[in-house]
Amino acid sequence: MTTSASSAPPIRLLVHGGAGAIDRKRLTAEREQAYRQVLAESLLAGHAVLKAGGNSVDAVIAAIMVMEDSPLFNAGKGAVFSHEGRNELDASIMDGATRMAGAVAGVTTIRNPIRAAHAVMTQSPHVLLISRGAEDFAAGYGLEIVDPSYFYTQHRWDQLQKAIAQEQILRDHDMESSPSPPNGDEKHGTVGAVALDCQGNLAAGTSTGGLTNKRYGRVGDSPIIGAGTYADNRSVAVSATGSGEVFIRAAAAFNTAAQVRLQHIPPAEAADRTLEEIAALGGDGGLIVLDAASNFALRFNTSGMFHGAIGNDGVARTGIFPQDLDY
Ligand code: ASP
């Protein structure tokens with residue numbers, strides 16, 4: 001997919017809200033509308049930054065914060081529970097112009113983990129801070145700290161009880177598709193965004209609660225630079241969602257960017273090749289990929305992925321299933 005010809009420099013933002021075995025028949029029209037509404041709000045928040053001449057990093061943060069603040073998505077408020085009944089959040093961000101990056105993992109009190117990831121990137125010499133260290137750092141930087149109960153939602157609590165009963169570790173977008181999925185029929189959550197600003201700079205970010213019923217201390221791909229998130233102006237910005245352990249092993253986001261840079265293939269082809277590798281390793285999920293010329297791809301090898309795109313025309317396009325990808 002390419003940008004339409006226009007004299008203004010291209011701006012673009014893509015978002016995802018997780019991929020999984022989403023069953024259209026079980027997803028009510030109201031619920032689909034609710035998801036698409038938040039995706040559109042996220043796109044418009046990021047687009048407002050880009051349209052005003054803001055940078056891609058700020059657009060990614062604005063877009064992700066909308067989804068973190070929504071209980072519908074597995075990030076921030078509405079995050080899934082670990083086995084012990086805690087919400088342990090992971091997030092990362094990367095600036096394609098400088099290849100600076102920041103991330104937090106296993107945090108339980110930071111309202112918007114993507115902001116903490118940004119603070120790590122811009123205010124510390126580090127790339128990844130975890131748990132208490134990340135929380136203390138975020139508090140010191142003036143970010144909003146909340147009681148862990150802020151993240152509680154009944155829906156996620158019920159998911160945890162079901163997962164425990166079934167002895168499963170589940171990804172998100174689960175219960176609306178199948179109340180008792182068979183083993184391996186896992187669903188994904190996580191939110192992410194990639195952006196191109198009017199200066200031609202790319203950025204990517206990802207935020208998640210991880211997996212329902214995950215082991216205490218488990219960290220997935222989302223806060224791992226090169227696995228869940230990567231951005232490089234020379235190639236693409238990437239945010240991933242899916243089987244975190246496999247995405248780490250496949251260095252999925254970096255792998256996608258490296259293929260574009262070194263093999264000179266379009267974003268969609270690179271994403272497909274990465275997803276083939278993910279599948280070969282026994283995983284699945286999705287990738288959103290954007291280059292500095294505004295070519296982009298929203299790809300997934302699951303039945304659905306909550307997604308959206310917006311460009312210079314300011315029209316927020318959202319979808320869930322492959323047939324929704326009509327742009
Ligand atoms: N990749 C995320 C993780 O493993 C989960 C997801 O995208 O659904 O934590």
Side-chain angles (χ1 to χ4, degrees), residues 15-22 35 64 67-68 72-76 78-83 86-92 103-108 113-114 117 128 130 151 156 159-160 163 168-178 181 184-194 204-230 238-256 271 274-275 277-279 281-288 298-307 320:
V15 298
H16 70 77
I22 305 161
Y35 278 118
I64 288 183
M67 293 187 282
E68 285 182 336
L72 288 181
F73 292 98
N74 175 20
V80 299
F81 286 95
S82 70
H83 181 74
R86 291 154 54 97
N87 304 106
E88 297 179 31
L89 313 173
D90 304 331
S92 65
V104 295
V107 298
T108 61
I114 194 66
L128 173 61
I130 64 164
F151 298 107
R156 299 300 189 200
Q159 280 184 349
L160 174 64
Q168 287 189 318
I169 299 170
L170 294 173
R171 284 168 284 174
D172 189 32
H173 301 320
D174 178 5
M175 301 305 159
E176 73 267 8
S177 58
S178 169
D185 182 16
E186 297 173 353
K187 316 300 186 306
H188 312 247
T190 293
V191 307
V194 293
T206 311
S207 181
T208 191
L211 307 178
T212 296
N213 200 20
K214 67 184 178 183
R215 191 183 172 91
Y216 173 61
R218 178 265 185 187
V219 175
D221 59 314
S222 307
I224 307 298
I225 298 301
T229 300
Y230 200 74
V238 184
S239 174
T241 173
S243 333
E245 282 71 8
V246 177
F247 277 68
I248 293 173
R249 289 162 53 209
F254 179 78
N255 199 332
T256 306
T274 300
L275 289 172
E277 205 167 319
I278 294 288
L281 293 174
D284 60 7
L287 296 163
I288 56 174
L298 303 126
R299 311 296 274 200
F300 45 98
N301 61 2
T302 50
S303 61
M305 177 174 79
F306 294 90
H307 63 263
I320 303 172

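We count ligands from 1, going down the list as the structure has it; atoms in each ligand are counted the same way. The analysis underlying the following values was restricted to heavy atoms, covering all of them including side chains, and did not include hydrogens, waters or symmetry mates. In this text, all values refer to a predicted model and were calculated from it rather than measured experimentally.
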Report the residues that fulfil side chain to side chain donor-acceptor pair (under 3.5 Å) with Thr274, sequence neighbours left out, ordered by chain and then residue number. Thr256, Gln259
Under 4.0 Å from one or more heavy atoms of Gly189, ligand 1 contributes atoms 6 (C), 7 (O), 8 (O)
Is it true that Glu88 and Arg218 have a side-chain N and a carboxylate O under 4.0 angstrom from each other? no
Enumerated ligand 1 atoms positioned under 4.0 Å from heavy atoms of Gly242: 1 (N), 2 (C), 4 (O), 5 (C), 6 (C), 7 (O)
Do ligand 1 and Gly244 have nitrogen or oxygen atoms that lie under 3.5 Å from each other? yes
Ligand 1 atoms nearer than 4.0 angstrom to some heavy atom of Asp221 are 1 (N), 2 (C), 3 (C), 4 (O)
Evaluate side-chain hydrogen bond (donor to acceptor under 3.5 Å, both in side chains) for Ser239 paired with Thr206, printing each intermediate quantity in order. CA-CA 6 Å; Ser239 174; Thr206 311; 2.8 Å; yes
Would you say Arg218 and ligand 1 have an N/O pair spaced under 3.5 Å apart? yes
Check the angle between the aromatic planes of Phe73 and Phe306 and answer parallel, tilted or perpendicular using the 30° and 60° thresholds. perpendicular
Counting N and O atoms only, with roles assigned by atom type, does the side chain of Arg156 sit under 3.5 Å from a partner on the main chain of Gly78, one being a donor and the other an acceptor? yes
Counting only nitrogen or oxygen atoms and a 3.5 angstrom limit, does Ser243 reach ligand 1? no
Distance under 4.0 Å to a non-hydrogen atom of Thr190: what atoms of ligand 1 satisfy this? 2 (C), 5 (C), 6 (C), 7 (O), 8 (O)
Short side-chain to backbone donor-acceptor contact, Thr208 and Gly210, under 3.5 Å: yes
Does His16 form a side-chain contact (heavy atoms from CB on, under 4.5 Å) with Thr190? I'd like the steps, not just the answer. CA-CA 8 Å; His16 70 77; Thr190 293; 3.7 Å; yes
Return the option from Asp90, Thr241, Asn74 holding the heavy atom at the smallest distance from atom 7 (O) of ligand 1. Thr241
Glu245 versus ligand 1: do any nitrogen or oxygen atoms come within less than 3.5 Å of each other? no
